[in-house]
Each structure stands twice: as structure tokens, then as C-alpha cells.
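A short write-up of the structure that comes next.
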Amino acid sequence: MPYHPIAPRFDLFQGCEIPGAGFGYVALQDIPKGTILLEDTPIFRLPEGITNEVVRNHLIRLPPTVQQQFMDLCIGYQYLNDGEYLGRFRANALPCGYDNVDGTGRKLAGLLLLAARFNHSCVPNVTFKWDSQAGVMRFCALSAISRAQELCIAYDVSSLLFTRDARRARLQGSSGFLCHCPACIIENRDSDDRRVALYKAIVQPPQRSPRETQIEFLSRRYAQICTALTLLRMEGLSHFRETLYFDGYKLCEEAGDRNNAMLWLAQASAAAATVGGPHNAEVTRRLQRANAELEAPNQRPQILRFPLP
Ligand SMILES: [Zn+2]
């Protein structure tokens, strides 16, 4: 059965001029956390390394109104040399899965006409995730959003765990603007320290050292995960919680703590539902696998308990 994306929730938000930031989306009313705001289908998806001519050939097959909407999009100065079609595509496309369903092919970027209008923030309140089964990009409220607040996504989620200077340099290089979001507007060393600690906990989780016992290592990692969850809250970040809760689940499994493993996994599922929408195929598969493991008999003796913080 063909999938029909939900219509954009223009009862909840609208496009308008944002002072100093061009066009953007603003909440028309209070929006609860987890609300699906938009499911956008790309007008085309293309791999890296394409030419201006390839983008033009895809565009001219589309209706004139769609072509016009594409040409109305901004083209950052850093993409001017790419040509008017490729430049606009590179400036506005978002990662949209792979060119085969099992995720082993080439990475694709997709041009989403409505979503291209979201501005960026390093404290994003909207997230997006590609749903390969449905062929749509799903945008959800990451946190409760107040009326009149701007709806912002993170153009580059991985750079959210960088310091302010590193984030701004990355964004200036990739998107051609100097970020003036609430996290970047003033220098904040405490925030930088928190994001560096988060990077270590999430991107570079520690390995057990030869001098450490398993119990010492698991305890150290548990403390790091609990601290990281607090730091995410302090930074106003909702991304990465699924990863941390999932790591907590794996830790419990290693420690033979089945009861707490179930609680960590339930939190990972709840966080995943907020970030990707409840129907995201990849996340669902990963959580289903973990749930199946929990139904198998526990082979490990319980050596530690790791309650949720
Ligand atoms: Zn910023």
C-alpha cells in the first residue's frame, strides 16, 4: 500500500521572516514534545560527486511550480562555483538514506522543499530522521516548544558535541554562515567543557584498561553515562539520549543485571520515539533485536546493579 505522508502541521507552525536569519518556521501555539510536525518527501535523492548538469536533468522533469520553488532556495556563497543547480542542491539537501534498502549502498542526499526552510540551532528543538521504508523524512519536536519560538534543526548533528569555536568553524565551512544560536551567541567555557565531556562519553566511549578489573571498568562507564545524561540536560540537548540509554542497557547485560537492562532499554525506546518518530525502521529493528535478547535466558551471573539515574 503506498505511504501517504502526513500533511505539514501548518496549524502548529508557519513560515515567516526571522530577524537576522532570513526565512524560518515559528510555532503558532505550544507544541508538545514528540509531536510529528512534518513528513517531507524529497523531490529527488542523489549521491555525492554529481555534477550541475545531473541536478538540472532531475529538476527539469518536475512540474514548473516545483522547479520554481527549488530556484527560490538560497545558495550559499561557498557553493556559487558549483553552478546554480548543484549549488542549491548542496546548500539545502539533507542526508536521506542509501540507494538500496539494506543500507549498504551509496549515501544519498535529498532535496526537501519544505524542510529546506528550517534554520539551524546548536540547541535544536526539532529533529529529523529518514524513514527508508516510507521514503519520507520525518520531523518531530525534540522538546516542548513554546508559542512564538522558532523551530530549528541541527544541520550537522555530529558537530553538536564540538566546542563553540569548532561548531561555528564547521558550520561556516559547510553552510556558509556564522552561527548566532543561543548556544553560540556568547562564549561559554562551561558549555564547551560539557560538550567535550559528552563527545568523549558518546563518540569515544572508553575501553577497559589492562590494569582495570571488569567490575571497575563497568562502574567507571556507568558513572560516565549517568553524568553524560545530566550534561545533555544542562546543554538543552535531546539528541544522543537514545545512544546513552542503549549503552546503559548493554552495560546491564554485561553485568548480568536483567531487571535494570529492561528499564534502560525502555528509556532508549522512548528517546528513540522522540528523536525519530515511532515508525523509524532502523531504530525499530535495533530495539526489537535488543528486546528479543532480553527474552532469552540470562546466561550471566549478576555482578553489579546499574539502576537508571
Ligand atoms: Zn550555534
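Remember, it's 1-based here, ligands and their atoms both numbered in the order they're listed.
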How about Gln288 and Arg285: does a side-chain donor come under 3.5 Å of a side-chain acceptor?
no
Classify the angle between the aromatic ring planes of Phe177 and Tyr155 as parallel (below 30°), tilted (30 to 60°) or perpendicular (above 60°).
perpendicular
Near the Zn ion (ligand 1) (under 2.8 Å) - protein N, O or S atoms
Cys122 SG, Cys179 SG, Cys181 SG, Cys184 SG
With a distance cut-off below 6.0 Å to the six-membered ring centre and an angular limit of 45° from the axis, does Arg138 pair with Phe128 as a cation-pi contact?
no
Among the clusters formed by ILVMFWY side chains lying less than 4.5 Å apart, do Leu229 and Ile202 turn up in the same one?
yes
Ring-plane angle category for Phe23 and Tyr25, please: parallel below 30°, perpendicular beyond 60°, tilted otherwise.
perpendicular
All pairs passing ring pair (Phe, Tyr, Trp, His ring centres under 6.0 Å) where residues 286-307 contributes a residue, at least two apart:
Tyr222-Phe306
